[in-house]
Chemist: 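The structure's right below; bear with me while I get my questions together.
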Amino acid sequence: MESLKGRDLLSLADLSADEIQELLHLAAQLKAGEVNLRCNKVLGLLFYKASTRTRVSFSVAMYQLGGQVIDLNPNVTQVSRGEPLADTARVLDRYLDILAVRTFKQEDLETFAKYAQIPIINALSDRGHPCQVMADLLTIQECFGSLAGVTLAYVGDGNNMANSLLLGCAMVGMNVRIATPLEYQPDADIVEQAQAIAGERTEVMITDDPKAAVKGAQVLYTDVWASMGQEESANARIPIFQPYQVNEQLLSGADSKAIVLHCLPAHREEEITDAVMEGPRSRVWDQAENRMHAQKALLVSLLGAD
Ligand code: CP
Ligand code: NVA
């Protein structure tokens, strides 16, 4: 997709609604083997946090396009010894064609984007996880045929996933409902951004009532109650979040054809029960697979095909 070439993806708001739809279309074509694109470029992965899906799906996507991947483990590069990110960014810019960064602070991504000319991809930050939501939208589209008018209920912590789902759903004309404990709501400015995108067309609900959010929804989504970096508060969060567990009782209030999604990794019997995760409504493995197809579409669009 020509309009995306050379751009950064720090947030879903960096894309237009049409660009999201075009990326999803390309991802579906790549998955079906209807197109076979090549991109002989080099992707860097600079991840300050653990990752299974994002690291492997980005790597396999790049290899399948004919490109190469360099894993820039922060512990063995000079960033862990205090080299400024602005300097690291300017150097990596001279070697790599594209860089995916997983970081604690959205500002780090902005620093990379400012000092490097190559495309910078947000591979998860405190503020969002746009690549995950691209895969989520692809999965929902596969299940329901289209996205407009589908209602997604996210139940749990108002974290990076809640932020990106708010933006992604609003941009594609879905209704989005977020149920969290009052003190754990998504970022207020992102809620406002999603409401502005949705306008009068679609619903953006922020509530502390999980049953109200789930009522009649076609997609039930959850994520961990304590994200990476919040491990110290994990035990204290359990009783606060218990009413927000995705279990069979909560699921019974959703649409009879509802699907259940989780970005993974999951903590079974915390935010989701084993029965729901392994049950007939779960689409979590298709969702995980779709990371690779969605990111392949993203890589080839940001870099351009050979
Ligand atoms: N969902 C997701 O981003 O998984 P990883 O942390 O394993 O990359
Ligand atoms: N909210 C989780 C998502 C992991 C993919 C975290 O940031 O740890």
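We number each residue from 1, following the sequence as shown. First listed ligand is number 1; within each ligand, the first listed atom is number 1. Below, all heavy atoms of this structure are taken into account, side chains as well, without hydrogens, waters or symmetry copies.
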Chemist: When you measure from atom 7 (O) of ligand 1 to each heavy atom in Asp223, Thr52, Leu264, which option holds the nearest one?
Modeler: Thr52
Chemist: Tell me: protein heavy atom nearest atom 6 (O) of ligand 1, and distance?
Modeler: Arg102 NH1, 2.8 Å
Chemist: Relative to the heavy atoms of Arg291, which atoms of ligand 1 are at a distance of less than 4.0 Å?
Modeler: 1 (N), 2 (C), 3 (O)
Chemist: Counting from 1, what ligand 1 atoms have a heavy atom of Arg53 closer than 4.0 Å?
Modeler: 1 (N), 2 (C), 4 (O), 5 (P), 7 (O), 8 (O)
Chemist: Between Arg281 and Glu248, is the closest basic N to carboxylate O distance under 4.0 Å?
Modeler: no
Chemist: Could you tell me whether Met228 and ligand 1 have an N or O pair separated by under 3.5 Å?
Modeler: no
Chemist: Can you confirm, on distance only, whether ligand 2 has an N/O atom lying under 3.5 Å from any N/O atom belonging to Ser227?
Modeler: yes
Chemist: State, without any angle test, whether Asn163 and Asp187 hold a side-chain donor-acceptor pair at a distance under 3.5 Å.
Modeler: yes
Chemist: Looking at ligand 1, would Lys49 count as a contact under a 4.0 Å heavy-atom criterion?
Modeler: no
Chemist: Which heavy atom of the protein is the closest neighbour of atom 8 (O) of ligand 2, given with residue, atom name and distance?
Modeler: Met228 N, 2.8 Å
Chemist: Check Gln295, Glu142, Gln132 against Asn290 for a side-chain hydrogen bond (donor to acceptor under 3.5 Å, both in side chains) and give me the one that passes.
Modeler: Glu142
Chemist: Within ligand 2, which atoms have a heavy atom of Asn159 less than 4.0 Å away?
Modeler: 1 (N)
Chemist: Using a distance-only test with no angle check, is there a side-chain donor-acceptor pair under 3.5 angstrom linking Asn160 and Asp126?
Modeler: no
Chemist: Quick one, Thr139 with Gln287, criterion side chain to side chain donor-acceptor pair (under 3.5 Å). Give me CA distance, side-chain angles, the key distance, then yes/no.
Modeler: CA-CA 6 Å; Thr139 311; Gln287 179 188 10; 6.0 Å; no
Chemist: Any idea which atoms of ligand 1 are less than 4.0 Å away from a heavy-atom of His129?
Modeler: 2 (C), 3 (O)
Chemist: Will you find, in the side chains of His293 and Glu289, an N or O donor that is under 3.5 Å from an N or O acceptor?
Modeler: yes
Chemist: If you measure only the distance, is there a donor-acceptor pair under 3.5 Å linking the side chains of Asp136 and Tyr221?
Modeler: yes
Chemist: Would you please determine whether Leu124 falls within less than 4.0 Å of ligand 1 on a heavy-atom basis?
Modeler: no
Chemist: Only heavy atoms of Ser51, strictly under 4.0 Å: list the atoms of ligand 1 that pass.
Modeler: 5 (P), 6 (O), 7 (O), 8 (O)
Chemist: Taking atom CD of Gln249 as the centre, report whether more than 12 heavy atoms of other residues, nucleotides or ligands fall under 6.0 Å from it.
Modeler: no
Chemist: Any side-chain donor-acceptor pair under 3.5 Å between Lys257 and Gln218?
Modeler: no
Chemist: In chain order, what residues pass the ring pair (Phe, Tyr, Trp, His ring centres under 6.0 Å) check against Phe241, with sequence neighbours excluded?
Modeler: Tyr184, Trp225
Chemist: So for ligand 2, is Leu264 a polar contact partner (N or O within less than 3.5 Å, distance only)?
Modeler: no
Chemist: Pick, from Asn160, Thr54, Leu124, the option with the minimum heavy-atom distance to atom 4 (C) of ligand 2.
Modeler: Leu124
Chemist: To the nearest 0.1 Å, how far is atom 3 (C) of ligand 2 from its closest protein heavy atom, and which atom is that?
Modeler: Asp223 OD2, 3.6 Å
